[in-house]
Amino acid sequence: MNIDIILTHALVTALHEVYEADIDSSSIQIQETRKEFEGDKTIVVFPYVKIARKSPEQTATEIGNYLQEHVSEIESFNVVKGFLNLSISPAYWIQNLQQSLSKGEQYGFTAVSSDSQTIMVEYSSPNTNKPLHLGHIRNNLLGYALAQILSANGYRVIKANLINDRGIHICKSMLAWKLFGNNETPESSGLKGDHLIGKYYVLFDKKHKKQIQELISQGSSEEHAKNDAPLMQAAREMLVKWESGDAETVSLWKTMNEWVYKGFNETYSRMGVSFDKMYYESQTYLLGKKIILDGLDKGILYKKEDGSVWADLTKEGLDHKLLLRPDGTSVYMTQDIGTAVERFREFGNMKELIYVVGNEQNYHFQVLSIILSKLGYEWAEKIYHMSYGMVELPAGKMKSREGTVVDADDLMEEMKETATTISNDLGKLESLTVNEKEQTFEMIAQAALKYFILKVEPRKTMMFNPKESIDFNGNTGPFIQYTHARICSVLRKADEQGITIPATFLVSTYSEKERELIKMIAKYQEIISLAGKEHAPSHIANYTYDLVKAFNQFYHECSILNEEDSAIQQFRLGLSKQVATIIASAMKLLGINVPERM
RNA sequence: GGUCCCAUAGCUCAGCUGGAUAGAGCAUCUCCCUUCUAAGGAGAGGGUCUCAGGUUCGAAUCCUGAUGGGAUCACCA
C-alpha cells in the first residue's frame, strides 16, 4: 500500500488516541522531507498544536512516538521545530521497488476497462491554406501528450481533428493558384502539397496589398481599398460559387485539399501524432442552426429586426453574441455548438470534451460553454478548453501571411541536421548500420524539439530560441535519452555476463543515492495522476528530468557491474532497469522515443 | 475602456492543493575519464520571488489594489 495513505490513516488514529481529536483525513498532508534533514516523509504539526495544547516540539514528539510504535514501516523519527520527520524502513522501499519491477511497462498506469469513461481530445485543427508552423507544433504535441496521459489514467480517449477546409482563406489560395499558378502541382514543383498551397496564400496577400496601395494612391480610404481590391472581390465570388456547389470550383477545391492533406499527413507522421476521428468543417458548418432556432422558440435567444439571432450574455458580464446572420447562415460559434451536441450524441456521457486551442480563443470557449448551458445541456460544464500560450521567437512575433514563421517541416529538418552533426562528432554510433543511425538522429532531433516545448506549462507564453532548443545538454530531451542509452548499455553487459535481476532482492539497506532513486521511482504514478488532473504534460517532463538527474548521481557514485557483493549488484541492476523502464514510459506519454544506444 | 492570462537568478524555465535556508539548465569560473557511454558528475558566484496592502503560527503560493507585458471584446475561423 502507498506509504502516504498508511501514514494519513495512522495520523488520524494517533490524533484520536493521543488528543481525542477527530480530524478529517482529507485535510492531512504528508510531504517529502527536505534533503537537508534526515527522514523520508514529514508531517507538519502546527495545525495540531491547538488541539494538543502543547508546544510544537512536544506535539511532534508525542505524535512521532505513537506513530513509530504503531506503524511498522516507520523506522525512526526526529523533530525539528514543528516538523516531524519520519524515516521509512528500507524494507518498505525495497519491497516497493520489487512490486514496481514486476509490473513492467504498465507500472504507474491505470488500465482501461469496460467501465472506463470516455474523453475526447480535439487538437491540431489546421486551416488548409498553409503549412503547419511552430504554433501548430505546440498544439499537436500538447494534444497528443494529453491524450496519452489521460489514457494512462484509465480513460478511453478519442483523439479528434477538425479540419478547417472552407471559407474565404481557402479561396484566397485557390484564386492565386488559378491566376498565377500555371497549373503547378506538387509533382511539377517538387514542393510538398501544403507548402505549395501556402506559397499561393502568401502570393495572394502580396498582390492584394499591392492593389490596396494602388487604390489608396487613387484616393481610396484603407478600409474601402481592402474591400474593393479586385482580388478580394474575386475571392468572395469564389466563396459564393463554392457554397452554391459550382462544379469547377468544388473540383479545384478538392484537388488542392488533397495536396494539403497529403502534406499534413507527412508532417503528422514525422511528428508522431495521430487521430482516431477526423471532422471536416465543410461537413459540419451547417450544423447548429436547428439548435439555435430551437433556442429562439424557447425564448432563450432573441431575434433582431434584420433577422439575425443573438444570445444576450450581459447577465454573465459579457456582450451580445451573434449566432445566425440576417441571411440565416451560421457563424463559427454556431458550428461549434452543433459539433459539440453531435459529439455528445454520438459518444454518450463523456467525462470531458477537451479542445486544445490557443489562448487567443479563451473568450470563444467561455461563450460556448455559457450558451450551451443556457440552451439546457447539462454537459456544458464538461467542456474544457486546454488553452496554451503563444510561442514567441527571439526576433519577434510570427506572421504567416508575411512568411515570417518557423515552418514545422523546416524546423524538424534543421533539428535533425544538428543531431546528426553532434552525434557524428561524438562518434559513439560507429557500430550501427546507416539505417539505424538515421533513425537515431531523427529520434534525438524529435526529442530535443518535443521536450523543449512540453516541459513548459501549457498556459504560459513560451520563448522558442532555435539555438537553445538544439542544445543537447542540461534539461533537454537528448539528456534524458542519453541516460536511457547508458542504462541499456549496462543492462546489455549484465546480460552478457549472465547477471539477472531476481524477483526478491537480498539486501536490507542501501546508500543515500539509492534511497533517493527508489523514492523517485515510487512517485511515478502520483505524477501521472497529477498531469492528468491538471491537463499538464509538463509535470511528466519535469519529473523525468528529476529522475534522470537522481540516476546520474547514483550512477556516478555506485558501481553496478564492478560491485562484488552480488546481492547489492542485483539490487542496483534492478534499480537501473526500473529507471530505464520509467524513462521510456514517461517519454512515450510525451510522444518521445528513446534509443538503446546513442 | 470591459474581460481573461502572465510576471521567480543575466537568459530559458521548475516550484503539487500555503510550511523549514526559493530550485534546475544555459552562460561565467574551478575540478573529475587506467572504473559500467564525460550528451555525464562535483563545486563557486548569481534572488527585496514586479510593487503595496491584507488573511495566517507561517505566503513565491491565497485575497485586494497598482504597475508592466500579452490576448480578446468580428456578420473570420
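We name chains A, B, ... by the order of the sequence lines, and we start the count at 1 in each one. When reading the values below, keep in mind they use all heavy atoms of this one structure, side chains included, and skip hydrogens, waters and symmetry mates.
Heavy atoms of A/F37 sit under 4.0 angstrom from at least one base atom. When heavy atoms are screened at a 4.0 angstrom cut-off, A/D165 is found touching no nucleic acid atom at all. Within the nucleic acid shown, A/E526 has no heavy atom closer than 4.0 Å to any nucleic acid atom. Residue contacts for A/T476: at a heavy-atom cut-off of 4.0 Å it reaches no nucleic acid atom on any strand shown. Nucleic acid contact for A/M598: base, since at least one base atom lies under 4.0 Å from a heavy atom of the residue. No contact: A/Q497 has no heavy atom under 4.0 Å from any strand. Heavy atoms of A/I560 sit under 4.0 angstrom from at least one base atom. Heavy atoms of A/S489 sit under 4.0 angstrom from at least one base atom. Note on A/F46: a base of the nucleic acid sits closer than 4.0 angstrom, heavy atoms only. As judged by a 4.0 angstrom heavy-atom cut-off over every strand, A/C558 is placed among the base-contacting residues. The residue A/Q481 sits apart from the nucleic acid: no heavy atom pair falls under 4.0 Å. Nucleic acid contact for A/H539: sugar-phosphate only, since backbone atoms but no base atoms lie under 4.0 Å from a heavy atom of the residue.
The same atom, P, is picked in B/G25 and in B/G45; the two are 15 Å apart, to the nearest Å. Of the P atoms belonging to B/A74 and B/G58, the separation is 47 Å, rounded to the nearest Å. With C1' as the reference atom, B/C49 and B/A9 are 10 Å apart, rounded to whole Å. Rounded to a whole angstrom, the distance from the P atom of B/G19 to that of B/U34 is 46 Å. Comparing the same atom, C1', in B/G41 and in B/U35 gives a spacing of 14 Å after rounding to whole Å. Here the separation of B/G54 from B/U61, taken at their P atoms, is 14 Å to the nearest Å.
Rounded to a whole Å, the CD atom of A/Q29 is 6 Å from the P atom of B/G18. For A/D471 and B/G25, the CG to P distance is 12 Å, given to the nearest whole Å. Spacing between atom CE of A/M463 and atom P of B/C11 amounts to 11 Å, rounded to whole angstrom units. Remark: P of B/A24 and CG of A/L547 are 17 Å apart, rounded to the nearest angstrom. B/U72 atom P lies 13 Å from atom OH of A/Y388, rounded to whole Å. Remark: P of B/C11 and CZ of A/F452 are 15 Å apart, rounded to the nearest angstrom. Here B/C76 presents its P atom at 11 Å from CG of A/N227, a figure rounded to the nearest Å. Atom CD of A/E360 and atom C1' of B/C6 are 15 Å apart (whole Å).
Within the 6.0 Å centre-distance limit, the rings of A/F554 and A/F551 are counted as a close aromatic pair. Residues A/H169 and A/Y201 place their aromatic rings such that the two centres sit no closer than 6.0 Å. Between A/F464 and A/F452, the gap from one ring centroid to the other is short of 6.0 Å. Checked against the 6.0 Å centroid threshold, A/Y545 and A/Y451 do not count as a close aromatic pair.
Using N1 to N3 plus N6-O4 or O6-N4 for Watson-Crick, or N1-O2 and O6-N3 for G-U wobble, each under 3.5 Å, B/C11 pairs with B/G25. Figure legend. B/G47 is base-paired to no nucleotide; pairs are counted as Watson-Crick or G-U wobble with both atom distances under 3.5 Å. With a cut-off of 3.5 Å on both Watson-Crick or G-U wobble distances, the partner of B/G68 is given as B/C6. Look at B/G1: its Watson-Crick or wobble partner, with both distances under 3.5 angstrom, is B/C73. Taking a pair to require two hydrogen-bonding distances under 3.5 Å in either a Watson-Crick or a G-U wobble arrangement, B/G53 pairs with B/C63.
Applying the 5.5 angstrom centroid cut-off and the 30 degree plane-angle cut-off, the aromatic ring of A/Y545 is not stacked upon the base of B/A24. Where stacking is scored as ring centres under 5.5 Å apart with planes under 30°, A/Y555 does not register as stacked on the base of B/G41.
Scanning for side-chain hydrogen bond (donor to acceptor under 3.5 Å, both in side chains) contacts around A/S26 gives A/D24, with sequence neighbours left out. In this structure, A/N153 has no side-chain hydrogen bond (donor to acceptor under 3.5 Å, both in side chains) partners at least two apart in sequence or on a different chain.
The nucleotide whose nearest atom lies closest to any side-chain atom of A/N542 is, among B/A14, B/C36, B/A42, B/A14. Looking at the side chain of A/V44, the nearest of the listed nucleotides B/G25, B/C5, B/G19 is B/G19. Taking the side chain of A/Y363 as heavy atoms from C-beta on, and the options B/U72, B/A20, B/C75, the nearest nucleotide is B/U72. For A/K493, the listed nucleotide lying nearest its side chain is B/U37; candidates were B/U37, B/A20, B/A77. The A/A485 side chain lies nearest to B/U37 when the options are B/U37, B/A20, B/C6.
OP1 or OP2 of B/A14 lies within a sub-4.0 Å distance of a side-chain N or O belonging to A/K460. For A/R34 and B/G23, the shortest distance from a side-chain N or O to OP1 or OP2 is below 4.0 Å. Listed pair A/R486 / B/G40 fails the phosphate criterion, with no side-chain N or O lying under 4.0 Å from OP1 or OP2. Regarding contacts with the backbone of B/G40, a side-chain N or O of A/N473 is found under 4.0 angstrom from either OP1 or OP2. At the phosphate of B/C4, neither OP1 nor OP2 sits under 4.0 Å from any side-chain N or O atom of A/Q366.
Syn is the classification of B/C33, since its glycosidic angle stays within 90° of 0.
At least one donor-acceptor pair under 3.5 Å links the side chain of A/K455 to the backbone N or O of A/N475. Judged by distance alone, the side chain of A/Q481 and the main-chain N or O of A/N593 form a donor-acceptor pair under 3.5 Å. At least one donor-acceptor pair under 3.5 Å links the side chain of A/T33 to the backbone N or O of A/K41. The main-chain N or O of A/Y48 is never found under 3.5 Å from a side-chain atom of A/Y19 such that the two would form a donor-acceptor pair.
Each of A/I444 and A/Q31 has a nearest nucleotide on RNA chain B; the 5'-most of these lies closest to A/Q31. Residues A/S559 and A/P458 both approach RNA chain B. Their nearest nucleotides, taken by heavy-atom distance, put A/P458 toward the 5′ side.
For A/S538 against B/A14, no side-chain N or O and base N or O form a donor-acceptor pair under 3.5 Å. Side-chain atoms of A/D306 come within donor-acceptor range of the base of B/C75, with a qualifying N/O pair under 3.5 Å.
Look at A/K519 and A/D40 and you find a salt bridge, because one of the NZ, NE, NH1 or NH2 atoms lies within 4.0 Å of a carboxylate O, short of that distance. With salt bridges taken as basic N to acidic carboxylate O contacts below 4.0 Å, one links A/E243 and A/R166.
Residues from residues 318-330 of chain A placing a heavy atom under 4.0 Å of any atom in RNA chain B, listed by number, are A/D319, A/L322, A/R325, A/P326.
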